2 protein chains.
Amino acid sequence: MSDEISGRGDPLKSLQLLWGRTEAPKRGPKAKASVAELVSAAVTIADAEGLEAVSTRRVAEAVGISPMSFYTHIPSKAELLDLMMDVVSGEILKDRPVFKPANWRANLTRVATDYRDFYLAHPWVIPLATHRTVLGPNTFRSADIALSAIEGLGLTDLEMDRVITLVLDYVHGAVRNAAREKMVKDLTGMTDEEWWYRVAPFLETVDFTPYPVLSRVGKTAGETYGAHDPRGAFAFGLERVLDGLAVFIDGKAPGKKRR
Amino acid sequence: MSDEISGRGDPLKSLQLLWGRTEAPKRGPKAKASVAELVSAAVTIADAEGLEAVSTRRVAEAVGISPMSFYTHIPSKAELLDLMMDVVSGEILKDRPVFKPANWRANLTRVATDYRDFYLAHPWVIPLATHRTVLGPNTFRSADIALSAIEGLGLTDLEMDRVITLVLDYVHGAVRNAAREKMVKDLTGMTDEEWWYRVAPFLETVDFTPYPVLSRVGKTAGETYGAHDPRGAFAFGLERVLDGLAVFIDGKAPGKKRR
DNA sequence: GGATAACTATTTACAGCGTACGGGGTTGTT
DNA sequence: AACAACCCCGTACGCTGTAAATAGTTATCC
């Protein structure tokens, strides 16, 4: 199903689990498994085999309980997904870098590459995230650090929001494909090279005259990088984005007075 | 399943269907349904109810054949997804605008907004697309037009590829959330306002002192736009990206000689 | 100390998914 | 008339999330 997104469960249940606000049970037998164990097992499965391999049965089995016992700990799979998202978000900007306003460009580069590495490490978060952010401690922490990369530049709060949104949107857009490379290879059983090898003979029978620019540019690009070059594209795009932000930031910075 | 991506089927089968290279059958009864009808029905379902509502059974039923007859026309669901992607790609930059090199900024704005509208109209393509582009006529056509928006600027083929990649990556990143707003609302049964209403009381019990910047910026942004403002964020980000590209393009354009 | 409430764990069951398999009906060619 | 090519379909399997009912364990109350 493509309806696997975060925030699909009961918002309050998710919040309570995210912030550890479930009160300790007074009676009843000791639990064989904890929520943290379940979430951790689910993340392990998702990292190794992709989100589609994460089923409540698999997760329950991984921690040694029967399929339906999963629901003793977590109300439904939807809440599990929220918890998975927040727990891996703890890896972003883990060591809380010291950001100096004068170095905003380096600061944002650090933020961008950290988020990129995060997506590459956990590509399954990409389709899961929506505009309703998971409201968990780790997600908050990484967002706070990202924003602090552009503190003290004379930007208004709204401008800071816009700038970080731009950078993270770009990172997401640029990385989504590279992050899913392994997944694509696993699901198709082909490397990119094998895929091209299979596809190339047919493409030679296609009339490319209606696509002159694509035909020329695509050929050059293909000959240079092979099929694609995500690292190079990311670096190029990020520099352009930062150049654009420089125009914006310098246009209001030290020289000019804020109004 | 989150393993719903394009390019998962037999590449050759997909290509033959994409380019209409299946030879007409010489014998046998007339088909009750055509591939085009099946694809069109699937797109209708996906547009209305999301990708998760597209099942081979549903699509077959929609064109009036039994569930398993689907496979007479299309080898598997994977090929259906490829065909769906390409057919809707025909809507992008449909009228092939006239691009003048001097207006590259307006040209790219047109490309960006057209792709944005495309994602908004068919949000289900977002998780489907991978780095292995669907090699269909409509996909080629839109890519060709997009590239022609920056022809004649003195950019190398490789630079053109990089620039278009940047713009389309940004559009994808910026639009993904807005595009799925309706889906999120349908799946959760809540509007964003209802969601905030359910979530706010809990957030007031959370200690925000570890997230001072997020707390301040988030509060200001929330008070100004409500939860979020995708249109404004898109416009802001696109201008910054174009500013960055202006630095790059003007840095090598008319005045300077190309080496 | 026995009843009861709170809690965990489990079994069974159901609808929906993609699709393998095998059979039946229809059409054109030999 | 026979056959091959082709379309259509019924049955079945293993997978999914989870509702419902039940059994077992622990702490509290009378």
Side-chain angles (χ1 to χ4, degrees), chain A residues 1-6 8-10 13 16-17 22-38 42 45-46 49-84 128 187-188, chain B residues 1-6 8-10 13 22-38 42 45-46 49-84 128 187-188:
Chain A
M1 13 176 164
S2 156
D3 56 350
E4 302 252 80
I5 57 168
S6 69
R8 222 186 17 161
D10 181 339
K13 293 276 177 62
Q16 287 166 351
L17 288 166
T22 49
E23 66 246 71
K26 308 282 177 196
R27 319 181 191 189
K30 269 180 193 164
K32 283 213 263 180
S34 68
V35 171
E37 280 168 356
L38 285 163
I45 295 171
E49 300 174 49
L51 193 59
E52 78 282 357
V54 176
S55 71
T56 55
R57 284 173 171 85
R58 274 280 308 261
V59 173
E61 187 195 34
V63 302
I65 59 179
S66 78
M68 285 306 291
S69 295
F70 174 92
Y71 293 93
T72 306
H73 306 277
I74 300 176
S76 83
K77 189 180 180 181
E79 285 83 4
L80 174 69
L81 297 176
D82 288 355
L83 294 168
M84 289 170 68
L128 238 38
L187 283 175
T188 61
Chain B
M1 11 179 162
S2 157
D3 57 352
E4 303 253 82
I5 57 167
S6 70
R8 221 186 17 159
D10 182 339
K13 294 276 177 60
T22 50
E23 66 246 72
K26 306 284 175 194
R27 317 180 190 189
K30 272 182 191 163
K32 285 211 264 180
S34 68
V35 171
E37 281 169 354
L38 284 163
I45 295 170
E49 300 174 50
L51 192 59
E52 77 283 357
V54 178
S55 71
T56 56
R57 284 171 171 86
R58 275 277 312 259
V59 173
E61 187 195 34
V63 302
I65 59 179
S66 78
M68 284 307 291
S69 295
F70 173 93
Y71 294 94
T72 306
H73 305 278
I74 299 176
S76 83
K77 189 179 181 182
E79 283 84 5
L80 174 69
L81 296 176
D82 289 355
L83 294 168
M84 291 170 67
L128 238 37
L187 282 175
T188 60

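As the structure is a computational prediction, the values presented were derived from the model and not from experiment. Labels below follow one simple rule: chain letters A, B, ... track the order of the sequence lines, proteins then strands, and each chain is numbered from 1.
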Visitor: Could you check whether any side-chain N or O of B/K77 sits under 3.5 Å from a backbone N or O of B/E4, counting only pairs where one atom can act as donor and the other as acceptor?
Guide: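 Looks like no, no N/O pair under 3.5 Å.
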Visitor: Supply the atom-to-atom distance A/T188 OG1 to B/D10 CG, rounded to the nearest 0.5 angstrom.
Guide: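 A/T188 atom OG1 to B/D10 atom CG measures 11.5 Å (nearest 0.5 Å).
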Visitor: Name all residues meeting the side chain to side chain donor-acceptor pair (under 3.5 Å) criterion together with B/T22; count only those two or more places apart in sequence or in a different chain, and write none if there are none.
Guide: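 Expected list: none.
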Visitor: Provide, to the nearest angstrom, the distance between the CD1 atom belonging to A/I45 and the P atom belonging to D/dT16.
Guide: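 Rounding to the nearest Å, CD1 of A/I45 and P of D/dT16 are 10 Å apart.
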Visitor: Whole angstroms only, please: what is the CD-P distance between A/E52 and C/dC17?
Guide: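 Whole-Å distance recorded here is 19 Å.
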Visitor: So, is A/K26 near the phosphate of D/dA27, with a side-chain N or O under 4.0 Å from OP1 or OP2?
Guide: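 A/K26 to D/dA27 OP1/OP2: no side-chain N or O under 4.0 Å.
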Visitor: Identify all pairs in which a protein N or O lies below 3.5 Å from an N or O of nucleotides 9-13 of chain C, and state each distance.
Guide:
unit_1	atom_1	unit_2	atom_2	d
C/dA9	OP1	A/K32	N	2.3
C/dA9	OP2	A/H73	NE2	2.8
C/dT10	OP1	A/K32	NZ	3.2
C/dT10	OP2	A/S66	N	2.8
C/dT10	OP2	A/S66	OG	3.1
C/dT10	OP2	A/S69	OG	3.0
C/dT10	O5'	A/S66	OG	3.4

Visitor: What is the separation between atom CZ on B/R58 and atom P on C/dG18, rounded to the nearest whole Å?
Guide: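 It is 11 Å, rounded to the nearest whole Å.
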Visitor: Let me test you: for the helix from C/dG1-D/dC30 to C/dT30-D/dA1, what is the angle between the axes at its two ends (five pairs each), rounded to 10 degrees?
Guide: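 One end axis against the other gives 30°.
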Visitor: Just checking A/V59: base, sugar-phosphate only, or nothing, at a heavy-atom cut-off of under 4.0 Å?
Guide: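 It contacts nothing in the nucleic acid.
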Visitor: Rounded to the nearest angstrom, tell me the gap between atom CG in B/D10 and atom P in C/dG18.
Guide: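 Atom CG in B/D10 sits about 19 Å away from atom P in C/dG18.
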Visitor: In whole Å, I'd like the distance from the CZ atom of B/R27 to the P atom of D/dC3.
Guide: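 Taking atom P of D/dC3 as the reference, CZ of B/R27 is at 13 Å.
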Visitor: Once salt bridge (charged side-chain N to carboxylate O under 4.0 Å, His left out) is applied, what residue pairs with a partner in residues 55-65 of chain B remain, sequence neighbours excluded?
Guide: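 Of all non-adjacent pairs touching residues 55-65 of chain B, those that pass salt bridge (charged side-chain N to carboxylate O under 4.0 Å, His left out) are B/E49-B/R58.
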Visitor: Report the residues that fulfil side chain to side chain donor-acceptor pair (under 3.5 Å) with B/S55, sequence neighbours left out, ordered by chain and then residue number.
Guide: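 B/S55 satisfies side chain to side chain donor-acceptor pair (under 3.5 Å) with no other residue.
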Visitor: Any chance you could measure A/T72, atom OG1, to A/I65, atom CD1, to the nearest 0.5 Å?
Guide: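 Here the interatomic distance stands at 7.0 Å.
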Visitor: Does the pair A/T56 and A/I74 meet the rule for a side-chain contact (heavy atoms from CB on, under 4.5 Å), with working shown?
Guide: CA-CA 10 Å; A/T56 55; A/I74 300 176; over 6 Å; no
Visitor: Rounded to the nearest 0.5 Å, what separation is found between the CE atom of B/M84 and the CG atom of B/L51?
Guide: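 Going from CE on B/M84 over to CG on B/L51, the span is 6.0 Å.
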Visitor: State which residues pass side chain to side chain donor-acceptor pair (under 3.5 Å) with B/R27; sequence neighbours excluded, sorted by chain then number.
Guide: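 B/R27 satisfies side chain to side chain donor-acceptor pair (under 3.5 Å) with no other residue.
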Visitor: What's the NZ-P distance between A/K77 and D/dC15, to the nearest Å?
Guide: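 About 15 Å, once rounded to whole Å.
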